[in-house]
Amino acid sequence: MPGVVIIGAQWGDEGKGKVVDLLAANASTIVRFQGGNNAGHTIVRDGEEFKFHLIPSGILYEDKTCVIGNGVVVDPRVLLGEIDGLRRAGVGVGDLKISANAHLIMPYHVLLDTAGETKLGKHSIGTTRRGIGPCYADKALRLGIRVQDLLDEKILRTKIRAALEPKQQALRELSVLRRKRLKEAGEDAKAVSEPAGDGPDPRIDLHTMVEEHVAYGHRLEPHIADTAKLCWDALDADETVIFEGAQATLLDLDHGTYPFVTSSNPVAGAATVGAGVGPTDITEVWGVAKAYATRVGAGPFPTELHDETGERMVDQGREFGTTTGRRRRCGWIDLVALRYAVRLNRIDALAITKLDVLRGLGPLRVAVRYRSREGAVLDSFPYHQSILHSATPEYEELPGFDEEIGECRKEEELPRAARDFLAYIAEFTGVPVRLVGVGPARDQVVWLD
Ligand code: IMP
């Protein structure tokens, strides 16, 4: 029963989509188990570029079942946009299944996300403003609207009405606060359209929302299913099921750099809850990490670079977000954090992506420990927020490489320095590097023994 989990081992954007796409060749089913359209990945296939936010990466195969699991939060408008885009590109979506238990991101969640971030001002988290946090909060409060609710107008109306009331109140308060702040700053409060004003906001009008969502339900109905059972059937038939994580370990709500995290659990263990399978259904865990490190949004990032090397990483790695277009913060690979991710997820194999980006950067640095503000040596990832915030990394310096590696397909074709760099990562983390990305295209990879 091969259940393979693939997760991000850093702060996201590691190139998981490409790894999932490659490993999916041997799978029957690919399941997203958490997050929502805060994620985004690009797959380049036969020169054509596909961008996904919600639909699992395996959709480009004709013979795979792709599942949006119960742990995902679904913005139905975004999902239907992706389905339409794939249809236009001639890609079939008949095998896309959506858990009836997945929660829906409603328009008020998006407004609340934006309003909440605005309220935090310079202390904001830097969310993607896609409504992720407020949607998961409603799920925990038992005020959520689920995919199955789209199929019953009466239930839908009752549930939206119940969920809406506290939102209107919260948005009104946030709006008043925002206007006050703008007034103090001498700005024109009337020119601001978000958050919703004092009057009724058409985006969160009960009647409009119910009508819109009933229509979404009609279109999504053929895809709505008991997706946990789909996974059991595949696993019981000895087929390979891939559980595809979004975001990454250090953005995990419990184990990441809280509060600068997302509102779900992107760690491997969460695949069981978010897809509806048992722990022993998981037989292998792959961690995906870049050959350097990036982060979007606020929060601690010990190896962040504010110099020319960091700029070159942004340029050479095209480090701009697929979802928000934001410039990513860049820095050297952090092996202290990676070793933490390896243990936390019990990673069996590493995929190191974007090795080509390090070309020509001179000697390569890898963070092997931190030093606290008081001078203490920290060999492991500190659990205390304040210690992590002020920790400075200490590096090992390894030889760099100037050769073009985009055409390499075998380990021995890689420059000596690149191989030594990979060997160092494997040795330090105690996990083999099995796959290396050497360029954006699907075939630009090197499989290692
Ligand atoms: P949220 O998930 O939109 O609530 O954002 C919370 C934090 O997670 C912010 O710092 C985001 O930038 C970050 N984040 C969310 N999704 C991704 C992703 O797919 N890649 C990288 N960072 C992400």
Side-chain angles (χ1 to χ4, degrees), residues 6-20 32-43 51-57 71-75 78 82 103 105-106 108-120 122-140 244-267 270 274 287-290 292-301 304 314 317-331 337 341 353-354 385 388-389:
I6 301 174
I7 47 95
Q10 296 164 315
W11 279 282
D13 309 312
E14 296 92 348
K16 295 177 288 293
K18 179 168 162 177
V19 178
V20 172
R32 271 267 321 253
F33 61 87
Q34 46 71 228
N37 59 310
N38 46 349
H41 44 255
T42 309
I43 297 175
K51 285 186 196 300
F52 300 115
H53 297 286
L54 269 170
I55 293 184
S57 312
V72 176
V73 285
V74 178
D75 186 326
V78 173
E82 280 186 22
H103 280 246
I105 297 182
M106 302 297 287
Y108 45 80
H109 291 138
V110 181
L111 288 175
L112 277 172
D113 198 357
T114 304
E117 282 285 273
T118 310
K119 185 182 172 205
L120 286 171
K122 65 177 179 12
H123 300 296
S124 71
I125 292 160
T127 74
T128 58
R129 301 189 175 205
R130 298 298 189 265
I132 307 296
C135 183
Y136 277 116
D138 264 358
K139 176 176 176 176
E244 173 182 1
Q247 292 83 49
T249 303
L250 299 171
L251 291 174
D252 185 273
L253 184 59
D254 288 79
H255 303 283
T257 52
Y258 191 90
F260 301 101
V261 293
T262 192
S263 297
S264 66
N265 292 106
V267 292
V288 187
K290 274 180 196 167
Y292 47 106
T294 64
R295 173 163 205 170
V296 273
F301 180 7
E304 181 171 14
V314 175
R318 295 169 303 280
E319 292 297 349
F320 294 90
T322 320
T323 302
T324 57
R326 285 182 292 178
R327 183 184 184 283
R328 297 181 184 134
R329 301 155 66 191
C330 287
T353 57
K354 299 183 101 167
Q385 194 185 342
L388 182 62
H389 271 273

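The first residue of the sequence shown is numbered 1, and numbering continues consecutively from there. We count ligands from 1, going down the list as the structure has it; atoms in each ligand are counted the same way. Values below: all heavy atoms of this structure, side chains included; hydrogens, waters and symmetry mates excluded.
Under the 4.0 angstrom criterion for non-hydrogen atoms, Arg130 is not in contact with ligand 1. Look at Ser263 and you'll find every heavy atom at least 4.0 Å from all atoms of ligand 1. Put simply, part of Gly126 is less than 4.0 Å from ligand 1, judged by heavy atoms.
The nearest heavy-atom contact from the protein to atom 3 (O) of ligand 1 is Thr128 OG1, 2.6 Å. When only non-hydrogen protein atoms are considered, atom 20 (N) of ligand 1 lies nearest to Asp13 OD1, 3.1 Å. Of the protein's non-hydrogen atoms, the one nearest atom 7 (C) of ligand 1 is Val261 O, 3.7 Å. Remark: minimum distance from atom 5 (O) of ligand 1 to any protein heavy atom is reached at Thr127 CA, 3.3 Å. The closest protein non-hydrogen atom to atom 17 (C) of ligand 1 is Gln247 CG, 3.5 Å.
At least one N/O-N/O distance between Asn38 and ligand 1 falls below 3.5 Å. On a distance-only criterion, Val296 and ligand 1 share at least one N/O pair closer than 3.5 Å.
Contacts of Arg326 with ligand 1, taken as heavy-atom pairs under 4.0 Å, involve the side chain alone.
When Leu251, Asp113, Leu250, Thr324 are checked for heavy-atom proximity to atom 13 (C) of ligand 1, Leu251 turns out nearest.
Gln247 has its side chain out of reach of Thr128: every pair of non-hydrogen atoms, C-beta onward, lies at least 4.5 Å apart. Side-chain contact check for Val296 versus Trp11: every heavy-atom pair is 4.5 Å or farther apart. Proximity of Val267 to Ile7: side-chain heavy atoms (C-beta onward) are nowhere separated by under 4.5 Å. Looking at Tyr136 and Ser264, their side chains come closer than 4.5 Å, going by heavy atoms from C-beta outward. Here the side chains of Phe52 and Glu82 are in contact, with some heavy-atom distance below 4.5 Å.
Between the side chains of Thr324 and Arg326, at least one donor-acceptor pair of N or O atoms lies under 3.5 Å. Defined by atom type and a distance below 3.5 Å, a donor-acceptor pair is missing between the side-chain atoms of Thr294 and Asp13. Side chains of His109 and Asp138: a donor-acceptor N/O pair is present below 3.5 angstrom, by distance only.
Interface atoms of ligand 1 facing Thr262, defined by a heavy-atom separation under 4.0 Å, are 1 (P), 2 (O), 6 (C). Applying the 4.0 Å criterion to heavy atoms of Ile125 picks out, from ligand 1, the atoms 10 (O). Ligand-side atoms of ligand 1 in range of Trp11: 21 (C), 22 (N), range being under 4.0 angstrom from any heavy atom.
Every residue was checked against the salt bridge (charged side-chain N to carboxylate O under 4.0 Å, His left out) condition with Arg129, not counting sequence neighbours, and none meets it.
Of the options Asn38, Leu253, Ile125, a side-chain contact (heavy atoms from CB on, under 4.5 Å) to Thr262 is made by Asn38 and by none of the others.
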